[in-house]
Amino acid sequence: MADLPRLNGVIRALEAGQHALTCFAPAEINSAVAMSSSKFDGCVFEMEHNPWDGRLLRDCLQYMLNRAQIAKAASVVPGVTPMVRIPVNGVEMAQWQAKQALDMGCYGIVFPHISTVEEAANAVGACRYPRLKSAERSAPAGIRGDGPTTAARYWGLSQQEYYQKADVWPLNPQGEIFCILQIEDTRGVENLDDMLKNVPASAAFLSVKATFRRNSAIPGNTSTKPCWNG
């Protein structure tokens with residue numbers, strides 16, 4: 001199997017020791033078209049505080065594709081890497097929206113309200129296919145269902161190539177899936193060291209100032225200023 005290029009632009013920037021510039025954007029077709037030609041490394045479609053609409057997310061992914069851009073680059077590497085923030089909170093221990101988003105072709109998932117090691121492991125596991133316990137990098141255990149046809153087609157890979165790349169980075173250096181855990185309360189902060197120690201597959205943690213203030217009973221400005229913490 002020929003060596004495959006790095007597809008995820010956020011991961012590519014981080015591997016090069018650079019800042020990965022990523023923004024949130026509404027899950028709308030016009031927004032997807034605008035983002036496709038932007039200078040960002042990645043784009044997170046916001047579906048946590050909006051109705052979950054798998055068909056709309058799929059449309060956004062398609063409108064992120066630019067044939068002229070693909071032809072000029074002579075590569076399947078996306079100009080801007082599409083990701084999504086899903087609605088379910090960590091305590092719900094759900095996986096289905098992450099599974100659907102990955103099966104459509106998303107390169108990363110933002111999981112809101114992650115507060116414990118168990119919630120973090122569940123989030124990461126939702127982004128991984130199961131493998132034998134004796135296999136290298138088998139933990140956290142994968143729980144993603146097997147339906148890669150659409151995602152492989154969207155990434156421009158064969159199914160076997162997709163299986164090779166569809167794992168979480170940096171746990172798997174060849175992985176293309178970026179798993180972001182959102183810390184929004186004091187419990188999450190208290191358990192952060194344990195999450196870093198016991199769930200090494202987490203690519204990044206995102207702290208949300210407004211939600212954290214409310215959950216911490218800290219008065220003040222509730223403006224949201226996310227910050228990426230690798």
Side-chain angles (χ1 to χ4, degrees), residues 1-20 22 41-44 61 75-78 80-86 90 95-111 114 117-182 192-206 228-230:
M1 184 180 295
D3 290 338
L4 299 173
R6 170 60 73 196
L7 301 176
N8 191 314
V10 173
I11 295 174
R12 186 188 315 113
L14 295 175
E15 285 182 324
Q18 301 172 349
H19 294 293
T22 307
D41 298 299
C43 167
V44 178
L61 293 180
S75 172
V76 297
V77 175
V80 179
T81 301
M83 300 180 285
V84 65
R85 180 160 68 175
I86 60 176
Q95 306 96 29
W96 68 274
Q97 288 162 334
K99 175 175 63 178
Q100 288 188 356
L102 293 172
D103 284 352
M104 291 176 204
C106 285
Y107 288 85
I109 308 290
V110 179
F111 292 88
I114 300 297
V117 169
E118 293 76 18
E119 292 170 9
N122 180 74
V124 172
C127 297
R128 308 192 73 200
Y129 287 120
R131 59 184 66 198
L132 295 174
K133 290 184 179 180
S134 58
E136 186 180 8
R137 298 184 292 267
S138 62
I143 49 180
R144 179 182 172 187
D146 188 17
T149 303
T150 300
R153 182 178 183 272
Y154 185 75
W155 284 18
L157 307 178
S158 69
Q159 285 198 25
Q160 288 306 311
E161 289 171 332
Y162 181 79
Y163 284 133
Q164 177 186 346
K165 304 288 278 184
D167 200 5
V168 291
W169 180 92
L171 177 66
N172 184 342
Q174 301 303 314
E176 297 285 356
I177 295 175
F178 201 72
C179 181
I180 305 107
L181 307 183
Q182 201 163 286
L192 183 56
D193 285 344
D194 285 340
M195 285 189 268
L196 289 168
K197 178 181 178 181
N198 296 296
V199 192
S202 308
F205 289 85
L206 173 65
W228 294 95
N229 301 308

Task: From CA spacing to verdict: side chain to side chain contact (heavy atoms under 4.5 Å, CB included), Gln18, Asp41 - done: CA-CA 11 Å; Gln18 301 172 349; Asp41 298 299; over 6 Å; no
Task: Check against side chain to side chain contact (heavy atoms under 4.5 Å, CB included), Asn122 and Ile143 - done: CA-CA 8 Å; Asn122 180 74; Ile143 49 180; 3.7 Å; yes
Open item on the list: Go through it in stages, so that I can follow the logic: the residues are Val110 and Gln182, the test is side chain to side chain contact (heavy atoms under 4.5 Å, CB included), and I'd like the CA-CA distance, side-chain angles, deciding distance and then a yes or no.
Closed with: CA-CA 7 Å; Val110 179; Gln182 201 163 286; 3.4 Å; yes
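Taking each heavy atom of Cys43 and Thr22 in turn, the nearest pair found is N-CG2, 4.1 Å. Contact between Ile11 and Gly175 at its shortest, heavy atoms only, is CD1-O, 3.7 Å. Taking all atoms of both residues into account, the shortest heavy-atom contact from Ile114 to Gly90 is CD1-CA, 3.7 Å. The two residues Met83 and Ile180 come nearest to each other via the heavy atoms SD-CD1, 4.3 Å. For the pair Leu132 and Ser138, the tightest heavy-atom approach, listed with the atom from each and the gap, is O-CB, 3.3 Å. The heavy-atom pair separating Cys179 from Val124 by the smallest distance is SG-CG2, 3.9 Å.
Note that CZ of Phe178 is 11.5 Å distant from SG of Cys127, once rounded to the nearest 0.5 Å. To the nearest 0.5 Å, the span separating CZ on Arg128 from CG on Asn172 amounts to 7.0 Å. Distance check: Thr81 OG1 to Arg6 CZ gives 10.0 Å after rounding to the nearest 0.5 Å. Considering CD of Glu118 and CG of Asp194, their distance stands at 9.5 Å, rounded to 0.5 Å. The structure places CG of Leu181 at 9.5 Å from CG of Leu196, a figure rounded to the nearest 0.5 Å. Atoms CD and CG, on Gln174 and Asp3 in that order, are 8.0 Å from each other to the nearest 0.5 Å.
With contacts defined as side-chain heavy-atom distances shorter than 4.5 Å, the pair Pro173/Arg137 qualifies.
Side-chain N or O atoms of Tyr107 include none that pairs as donor or acceptor with a backbone N or O of Pro78 at under 3.5 Å.
Here Gln159 pairs with Pro148, Thr149, Ala152, Tyr163 under the side-chain contact (heavy atoms from CB on, under 4.5 Å) rule; sequence neighbours left out. For Arg131, the side-chain hydrogen bond (donor to acceptor under 3.5 Å, both in side chains) criterion is met by Asp167, not counting sequence neighbours. Partners of Leu157 by side-chain contact (heavy atoms from CB on, under 4.5 Å), not counting sequence neighbours, listed by chain and number: Leu4, Leu7, Trp155, Glu161, Lys165. Listed by chain and number, the residues in a side-chain contact (heavy atoms from CB on, under 4.5 Å) with Glu136 amount to none (sequence neighbours excluded). By the side-chain contact (heavy atoms from CB on, under 4.5 Å) test, Ala98 pairs with Ile86, Ile109, Phe111, Ala126, sequence neighbours left out.
In this structure, Tyr162 and Tyr129 have perpendicular ring planes: the angle between them is above 60°, well past the 30° mark.
Among pairs with a residue in residues 138-152, those fulfilling salt bridge (Lys or Arg N to Asp or Glu O under 4.0 Å) read Asp103-Arg144, at least two apart in sequence or across chains.
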